[in-house]
Amino acid sequence: MRRIASRAAGRSMAALAMSAVAPRLALSAPSLMCVAPLPIARYQSRLSAAAKEELDDELQNERATPKIPDGWSVSHKKGESRFIMKKKHNDEALTVVCQLQVLDPEVAERRAAGEGSDVVEHYPFTLQVERNGRVIDFGLTFADGELVIDGMTHYESAAIAKDDTAEGDLRRERQYQGPTFAELSSTFVDAVVDYLETRGVNDDLALFVAEYSYSVEQQEYEEWLRNVVEFTK
Amino acid sequence: MRRIASRAAGRSMAALAMSAVAPRLALSAPSLMCVAPLPIARYQSRLSAAAKEELDDELQNERATPKIPDGWSVSHKKGESRFIMKKKHNDEALTVVCQLQVLDPEVAERRAAGEGSDVVEHYPFTLQVERNGRVIDFGLTFADGELVIDGMTHYESAAIAKDDTAEGDLRRERQYQGPTFAELSSTFVDAVVDYLETRGVNDDLALFVAEYSYSVEQQEYEEWLRNVVEFTK
Amino acid sequence: MRRIASRAAGRSMAALAMSAVAPRLALSAPSLMCVAPLPIARYQSRLSAAAKEELDDELQNERATPKIPDGWSVSHKKGESRFIMKKKHNDEALTVVCQLQVLDPEVAERRAAGEGSDVVEHYPFTLQVERNGRVIDFGLTFADGELVIDGMTHYESAAIAKDDTAEGDLRRERQYQGPTFAELSSTFVDAVVDYLETRGVNDDLALFVAEYSYSVEQQEYEEWLRNVVEFTK
């Protein structure tokens with residue numbers, strides 16, 4: 001994961017340390033002299049204990065999984081930051097892929113500080129329609145309660161469209177990505193909206209994607225806490 | 001293609017649907033009862049028809065391909081979002097690679113709404129100079145009518161510089177990319193400008209790159225429309 | 001290297017050419033008629049001479065390498081834009097990887113023009129803690145004199161965490177990246193700060209990373225100048 005390199009602010013270790021780390025270090029330093037293994041164990045388990053506490057909190061507040069829209073199946077592999085939805089439509093195979101977003105730390109910081117209230121939550125995802133060995137890939141986003149169409153790419157071959165490797169990613173990037181959607185005529189865009197609606201890809205599906213993203217994020221967060229508990233024991 | 005995840009606005013399906021989709025759905029629903037295959041065919045062909053209409057419009061307005069600068073050859077492989085220019089200069093092989101840019105949907109939306117008039121159109125491209133098995137790679141941009149130098153990377157080996165795979169990309173990213181150009185002395189930058197000018201890499205070439213980008217974009221857009229017509233038939 | 005495509009300004013060739021290139025071209029053009037090889041040689045060596053001059057300047061101002069923090073070893077491979085630090089901590093292997101940042105040309109331009117004084121210099125790096133065949137990867141940044149925690153990812157297997165290929169990068173991107181740090185409780189974040197502090201990963205180490213980045217950048221810049229001298233001779 002590369003992170004964007006233009007951060008202006010952040011949670012500062014110095015500030016955090018002032019209240020928590022510095023005094024505790026002062027207290028624990030002497031014990032290092034007499035019973036060496038103990039403080040190390042205590043250090044190692046402080047993070048483990050904090051993760052355990054968070055996990056227990058989370059497990060008490062578990063929310064229900066959102067209802068899967070008719071006709072779709074949903075799968076998510078534990079540990080992965082994406083989930084996949086599938087559906088048949090006549091002679092077409094529809095696949096939705098939703099990759100959970102990693103917030104830019106700066107944006108996250110501003111939002112947590114209550115300054116990013118203007119930033120709309122959004123959930124980008126793709127819809128692949130496969131038909132007769134060819135694929136059209138729709139770039140979609142759920143933002144501000146609505147489904148937005150970002151783009152539409154055509155692939156001559158399903159093998160290229162579905163190549164799940166870094167070389168496949170690069171090959172697709174070098175293909176023509178389709179026109180800038182904002183510049184298309186409203187007649188054409190209406191026809192695309194209609195095409196998607198016919199396949200059940202609409203505001204309701206996009207809302208499900210957003211809700212299911214929350215759900216997957218929550219499962220993965222809990223699993224992450226379990227791993228941190230174990231790793232730092 | 002990953003898209004940037006900070007969209008504030010977008011063309012909304014709900015808004016579009018209000019005028020177009022909703023009433024039509026209401027009208028076509030009853031016919032689903034009596035002649036099942038017909039409405040499906042109509043749905044599938046609405047997008048196909050809209051794409052056909054756009055294509056016919058585009059074919060009437062075809063513009064001339066810009067004149068290729070002396071000494072250069074240009075190639076573009078159908079379906080690809082880049083084109084390549086080649087030229088010999090003494091014992092050097094010059095290669096220009098121009099990758100068509102995908103506009104961030106948010107930026108595109110603002111521009112289409114007439115709000116992005118401050119956004120300068122730009123066309124980034126690279127010039128590779130190969131000599132004695134080594135390569136210098138110039139990062140260049142045509143912006144606001146002028147050629148701008150972004151950076152300059154040296155590769156020990158042409159094999160590394162020209163490795164056209166994802167692994168090659170990563171290997172190059174891990175190499176030193178060269179200094180920040182804006183921080184270099186004007187004497188040095190003038191010498192680079194002179195070096196490029198001697199090889200015919202100047203404002204005129206950059207303007208050609210921009211014009212040829214339009215031309216390739218246009219060809220690919222028409223091919224894309226043909227593919228959409230066919231796919232959604 | 002992909003560059004961000006939203007540049008508003010830049011060092012313009014036209015402006016530079018006005019004072020330097022255009023008059024010189026006018027003067028040298030006639031000599032092309034009588035002694036063909038001479039002007040070519042002069043053109044080719046102008047950049048070489050300018051690079052040599054920069055190099056001589058740089059070699060006079062060499063600064064000392066910062067002192068390596070206790071317990072860590074540091075390695076940097078010539079030509080690479082990153083360096084690696086290693087340390088043992090009990091049954092853990094700690095690895096810091098710092099990739100030198102490439103400034104966005106637009107940001108660099110504004111900063112060089114004295115307009116980007118609000119932009120804080122930052123140095124992102126990662127810390128990998130390997131233990132019992134598993135890895136936790138901390139995303140860290142030195143910004144504004146302090147260490148900032150960006151994120152924390154857990155990998156089931158050290159082989160996945162350390163796979164140094166493009167496919168490895170992609171595989172990691174598809175894994176759950178961990179929660180948004182700005183949203184975590186201060187109790188948990190304090191425990192992470194403590195965990196890092198215990199391993200000597202603190203403001204001082206982050207300052208070293210920043211200083212050593214300068215040092216590596218300087219070495220690589222000088223080597224780059226040597227390569228440009230040679231290449232354009």
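Quick note on labels: first sequence line is chain A, next is B, and so on, each numbered from 1.
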Side chain proximity check, B:F181 to C:L103, heavy atoms < 4.5 angstrom:
no
Heavy-atom pair of closest approach, residues B:T153 and C:W224
CA-NE1, 4.1 Å
Please report the interatomic distance CD(B:Q177) to CG(C:L100), rounded to the nearest 0.5 Å.
10.0 Å
Counting only heavy atoms not in B:D70, do more than 12 fall under 6.0 Å of its CG?
no
Okay, C:E54 and chain B: the region with an atom under 4.5 Å from a heavy atom over there is side chain
Nearest heavy atoms of C:L47 and B:A191, plus distance in Å
CA-CB, 3.8 Å
C:Y221 vs B:T180, test: side-chain contact (heavy atoms from CB on, under 4.5 Å). Steps then yes/no.
CA-CA 10 Å; C:Y221 177 44; B:T180 301; over 6 Å; no
C:L55 CG to B:F188 CZ distance, which is reported to the nearest 0.5 Å
10.5 Å
What heavy-atom pair brings C:R46 and B:D190 nearest, and what distance separates the two atoms?
NH2-CB, 3.7 Å
Do any of residues 158-168 of chain C come closer than 4.5 Å to chain B, heavy atom to heavy atom, and if so which ones, in number order?
C:D164, C:T165, C:A166, C:E167
Please check: side-chain N/O of C:E217 versus main-chain N/O of B:Y176, any donor-acceptor pairing under 3.5 Å?
no
Pick one of side chain, backbone, both or neither for C:L225, based on which atoms fall under 4.5 Å of a heavy atom in chain B.
side chain
Within a reach of under 6.0 Å around CD of B:E211, are more than 12 heavy atoms found that belong to other residues, nucleotides or ligands?
yes
Identify the two heavy atoms, one from B:V129 and one from C:F231, that lie closest to each other, and give their separation to 0.1 Å.
O-CZ, 3.2 Å
If you compare all heavy atoms of B:E173 against all heavy atoms of C:Q99, which two are closest, and at what distance to 0.1 Å?
O-NE2, 3.3 Å
If you tally heavy-atom pairs under 4.5 Å against chain C, which of B:R171, B:R174, B:H154, B:R134 wins?
B:R174
Just how far is it from atom NZ of C:K233 to atom CZ of B:R131, taken to the nearest 0.5 Å?
10.0 Å
